[in-house]
Amino acid sequence: MNFRKTILLWAVALLVTAGGAFAQVKKKPTTPHKATTAVKPSVSTVLPVDPNVLTGKLPNGLTYYIRANSQPKGKAQLLLVSKAGSVIETDAQRGMANFVQHMAFKGTRDFSKAQLNNYLTKLGNKYGPDTSAFTSYDETVYQLALPTDTPKVLASGFSLLANWASRITFNEADVNTEKTLLAAKVALGGKTTEDRLQQQTLPVVLNNSRYAQRLPIGTEATINTFTAASLKSFYADWYRPDMQAVIAVGDFDPKQILELIKFNFSPLRNPVPEKPQPQFGAPPTPGTVVKLATDKAYPYTLFQIIVKHPQMIIKTPADVLQNMRINLFNQLLNIRVSDLTKIPSPPIVYGQSAYADFIGKQDAFSTIAAVNNPLKLEAAVKAVVGETERVRKFGFTLTELERAKQNALAQVTASYSAKDNTPSANFAGEYERSFLNKQATPGIDYEYSYYISNIGKISVEEMNALAAKFITDQNRVILIEANDAQKDKLPTEQTLLKWITEAGSELTPYIDDSATPLMEQQPTPGKVADMKIDSVLSIVRVTLTNGVKVILKPTAFAANQILISANSLGGTSLASDQDFTSANMAAQVIGISGIAGFNQTQLTKMLRDKSLSLTPYIGDISQGISGYTAANNFDSAMQLLYLYFTSPRKDTEVWKTYIDQAKSALVKNANDPGTAYQDTMLSVLGSYNPRAIPVTAEKLDAASLDKAYTFYKARFADASNFTFTFTGDFTVNDMIPYLATYLGSLPSTNSKETFKNLGIHPPAGQITKNVYKGTSDKSTVQLVFNGDYEYNDGNNIQMDALEEILNIRLVDSLKDGNSIYSPSIRISYVKNPEGRYKVTLAFLADASNTDKAIAYMLSQIDKLKQSGPTADDVNLFVTREARTIQAQFKQNTFWQAALSSAAQNQQNPHKIISHVQDLEQVTIQSVKYAAGRYLNTGNLIKIILLPEKK
């Protein structure tokens, strides 16, 4: 099992903490689907090795992990892990580990560049240095997903890994080409807001350690000095078997795989003499360090406290028990902090707190809060710090802890129940981490038994002791990140520390009030009017007496998971232009206002011990509810679903907060180039229809909660217009009473409403729109082809093929430069409100080279229109699509989306299972025809973001 998860604590805008904070899941553990075979926890001081994994070392020191696993069937996940990360680079080598990783795809002793590309292409997966490999501080990892039904292909995979491990050729011409590309990438990256802030904060957060100075991407200056000889020297020093591991997990015989590993990797030799592998960490800093960092384009004001602690590696049963305590601690504290975003006039727009893995052989306790306005920073700091101090002073309550234990047990039980459906990639990642830090891998059988036997022993006193240990003012870093324009509004270091001190005063113990039921009594049930079984799709269609239609798809793909959706046509197309802004915000506001007589904070507490989430939505032409639930929380989910239809809650405080935050976002993003570009794009592609133009402060002021609430109620007033889809772990017989009770009792007027076609779509003709904003030397370009479209299965599959083949062709054509970066093709097509398609070609280019870049991209499209794709292009699409679909056939999310879409678009759902067979329709000529038809430059819109004119 993966006991510890990595946490990137200083990420400035999209920070996500992990470290084992459990999701809200079922209250009591379910009985596993199979007979329990879990092992009894060992009383040894050392954790056992999972008996399902074959592990060991070759005489040359190379480590191997081998595990048979049938998910996905007929596939294997192979990894080569090398402890050659960026932290071991010298000053002159910064970026070299990443550079070597890129050179691995330029050719090896036994695989020329063409042979390597040909082999990887035939695997049917996307590949390359940015998709099949990565370099971090401590490792470089190469990964292959291979079919196991062709022995030659599988054997070649191990041969390729061995070539990457010791036989990269470093052709001088390829080195020079890659040098140009990577130096340009570094130059581009160094000009982003996140990178500029990282350069200010990393030295402080990591105490000027080696980790602070070794971002894997390197520097432009050092990359430009690399030669084939210097790269070979680095490669010879650090790519050696005693610092490498081969990991193989898949649908195979482990004994045969061991022989392949021995055959391919035993000949590898360590250099003589060996350079000692350097060990680096981040030294502690006594006391507290404060860092205020600003950037001209940063749109938030962010506060964060990071308290660093020595890293814990899980090796013993006592370590497992401590990690259980940490998981519970994170869950309990995060609930309290996240509740701050749900109260009226919330002091923060985002908050989180957790203890988890960090960087530089450290763990860290981190608390973070974000606000839209620096003037609200004091309230935010005092609010989030106050919650952590409340825990440190008063601890947790027994009822909180017992719920958290149930959640933890539910999660480990779910993992145990689904152990035979665990993807091979999950196991491979676990063994990768074990190789890096020597963390134990006892397996889910051991962990399940250990949890069952020991979680009840964890006391409130032990949890409170963790708070006292983790929340301290030693080895602490406090960060504030904000926009340059807000610098004069930020607190001084002394003021900030004063706020933190004051946050701990006048606190009272936490009150846990979350035992109220959602509904005091059930509604009067309706009845089933009709039931039809579709044995081909293994679905059941139910019609209730009030006209509600239901699609049931029972599966065994994910234990204890049920996906839920409800959909009907109408949406904001039925709102007047004057009321559109109110209508467009209706579902978002209602969705965060609670339900019936419960505000959002109360609702969150009431559902805290349940694994369920439902969200109402109102789109352009439809409305509905979507979400999921654990099977044993289904009754609660259905109650919530019923209440979203019948008892939506109107909360003036929530409306006011929503409007205030929306206005703050407008001010915050007023000078952001990306926002200006996005707003222009939406306006142009919407033909400047008032509904397509981004919202303004004036429109927000004119919006009304009463109108929003009235519109929401109208959209959900007639349940007979809705089709509900349920996919997952249930039986049809068990579902019927719930459907009759909660759906059969919904109000119904048989209005037969549908959407209005307002004719909002991209304009015809050739249009070029330039946006001059910012100072970047790179331009952002989107070329949009669009037009009328006949929506049917035949055309749709050709569009899918065109999208994939265009991506293949463009990426391949740009491998050697052209000053074009990150190209992508996105194709969308819709049936409603009218048949339309849109092909979007997006890329970055050197601003001074924008016209040439556009001309080059259009020339590549012309080639496809004139000559069509190659047979290899078509075969690659067919292979990838077939494998993707075959894998998706075993996923609840796929069936839920496919069945809902077929119902909404009135398509034959049986086409879902004939999709692989329909791939035969994709040919060289069919794709050429699609390219000529849909890539029509007569309807081409160019939207370009360029630096401001000087």
Side-chain angles (χ1 to χ4, degrees), residues 105 112-128 130-132 145 147 153 781-787 789-818 820-829 837-843 853-886 888 914-940:
F105 293 84
S112 67
K113 187 196 301 187
Q115 290 172 325
L116 192 153
N117 289 344
N118 184 54
Y119 173 73
L120 293 175
T121 297
K122 287 183 176 179
L123 294 179
N125 304 306
K126 294 183 178 180
Y127 72 92
D130 296 319
T131 55
S132 304
V153 173
V781 181
Q782 293 202 35
L783 308 178
V784 183
F785 302 85
N786 70 96
Y789 183 70
E790 184 179 353
Y791 186 99
N792 59 51
D793 293 313
N795 286 342
N796 295 352
I797 201 168
Q798 298 301 330
M799 290 294 256
D800 294 343
L802 181 61
E803 179 183 56
E804 180 70 10
I805 289 169
L806 275 170
N807 275 308
I808 294 168
R809 294 284 288 269
L810 288 175
V811 171
D812 283 348
S813 71
L814 294 173
K815 280 183 176 177
D816 294 326
N818 291 312
I820 298 173
Y821 315 94
S822 305
S824 68
I825 291 283
R826 300 187 307 277
I827 294 182
S828 62
Y829 45 84
Y837 79 90
K838 186 167 63 178
V839 180
T840 305
L841 169 52
F843 58 92
I854 292 173
Y856 176 82
M857 288 301 209
L858 292 177
S859 73
Q860 295 301 306
I861 286 176
D862 283 340
K863 286 181 182 179
L864 184 63
K865 291 164 64 174
Q866 294 167 11
S867 304
T870 65
D872 285 344
D873 291 338
V874 173
N875 291 336
L876 181 55
F877 163 73
V878 170
T879 302
R880 286 181 178 174
E881 187 75 1
R883 286 181 176 166
T884 297
I885 290 296
Q886 287 165 352
Q888 288 177 332
S914 65
H915 186 74
V916 173
Q917 182 180 345
D918 292 344
L919 292 172
E920 297 175 0
Q921 300 173 19
V922 179
T923 65
I924 293 173
Q925 287 303 317
S926 72
V927 176
K928 180 182 178 182
Y929 174 78
R933 181 178 181 183
Y934 299 117
L935 300 176
N936 176 13
T937 54
N939 280 338
L940 173 59

Hey, mind stepping through R880 and E804 against salt bridge (charged side-chain N to carboxylate O under 4.0 Å, His left out) and telling me if it holds?
-> CA-CA 9 Å; R880 286 181 178 174; E804 180 70 10; 2.5 Å; yes
Decide side-chain contact (heavy atoms from CB on, under 4.5 Å) for V874 and I805; before the verdict, give the C-alpha distance in whole Å, the side-chain angles of both, and the deciding distance to 0.1 Å.
-> CA-CA 7 Å; V874 173; I805 289 169; 4.3 Å; yes
Show the numbers, then the answer: is there a ring pair (Phe, Tyr, Trp, His ring centres under 6.0 Å) between Y789 and Y934?
-> CA-CA 9 Å; Y789 183 70; Y934 299 117; 5.7 Å; yes
Mind running side-chain contact (heavy atoms from CB on, under 4.5 Å) on R933 and N795 for me, showing each step along the way?
-> CA-CA 11 Å; R933 181 178 181 183; N795 286 342; 4.2 Å; yes
Would T840 and F785 satisfy side-chain contact (heavy atoms from CB on, under 4.5 Å), going step by step from the backbone distance to the final call?
-> CA-CA 7 Å; T840 305; F785 302 85; over 6 Å; no
For the pair L783 and I854, evaluate side-chain contact (heavy atoms from CB on, under 4.5 Å) and give the outcome as yes or no after the intermediate values.
-> CA-CA 8 Å; L783 308 178; I854 292 173; 4.2 Å; yes
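I827 CD1 to N796 CG: the interatomic distance, rounded to the nearest 0.5 Å, is 11.0 Å. Rounded to the nearest 0.5 Å, atoms CD (E881) and CG (L876) are 11.0 Å apart. The distance from atom OG of S824 to atom CG of L841, rounded to the nearest 0.5 Å, is 7.5 Å. To the nearest 0.5 Å, atom CD1 of residue I797 and atom CG of residue D793 are 8.5 Å apart. K865 NZ to Q860 CD: the interatomic distance, rounded to the nearest 0.5 Å, is 13.0 Å. Rounding to the nearest 0.5 Å gives a distance of 9.5 Å between CG of L919 and OG of S914.
Proximity of L810 to I820: side-chain heavy atoms (C-beta onward) are nowhere separated by under 4.5 Å. The closest side-chain heavy-atom distance from F105 to L116 is below 4.5 Å. Looking at heavy atoms from C-beta onward, L806 lies in side-chain contact with I861 at the 4.5 angstrom threshold. Proximity of V922 to V927: side-chain heavy atoms (C-beta onward) are separated by under 4.5 Å at one or more points. Y837 is listed as a side-chain neighbour of V839, based on a closest heavy-atom distance under 4.5 Å. With contacts defined as side-chain heavy-atom distances shorter than 4.5 Å, the pair Q782/R826 qualifies. Proximity of Q866 to K928: side-chain heavy atoms (C-beta onward) are nowhere separated by under 4.5 Å.
L864 and P869 make their closest contact through CD1-N, 3.5 Å (heavy atoms, listed as atom of the first residue, atom of the second, distance). Shortest non-hydrogen contact noted between F843 and P823 is CB-CA, 3.9 Å.
Y829 and D800 are linked by a side-chain donor-acceptor pair at a separation below 3.5 angstrom, with hydrogens and angles left out of the test.
By the side-chain contact (heavy atoms from CB on, under 4.5 Å) test, S828 is found to be paired with K838, residues two or more places apart in sequence or in another chain being considered. Partners of D872 by salt bridge (charged side-chain N to carboxylate O under 4.0 Å, His left out), not counting sequence neighbours: none found.
A donor-acceptor contact shorter than 3.5 Å links the side chain of N807 to the backbone of I825. Counting only distance, with no hydrogens or angles, the side chain of S926 and the backbone of T923 share a donor-acceptor pair below 3.5 Å. Distance alone, capped at 3.5 Å, places no donor-acceptor pair between the T937 side chain and the L940 backbone. Of the possible polar contacts, one joining the Q798 side chain to the Q921 backbone as a donor-acceptor pair under 3.5 Å is found. No donor-acceptor pair closer than 3.5 Å links the side chain of N118 to the backbone N or O of A114. Between the D873 side chain and the T870 main chain, a donor and an acceptor come within less than 3.5 Å of each other.
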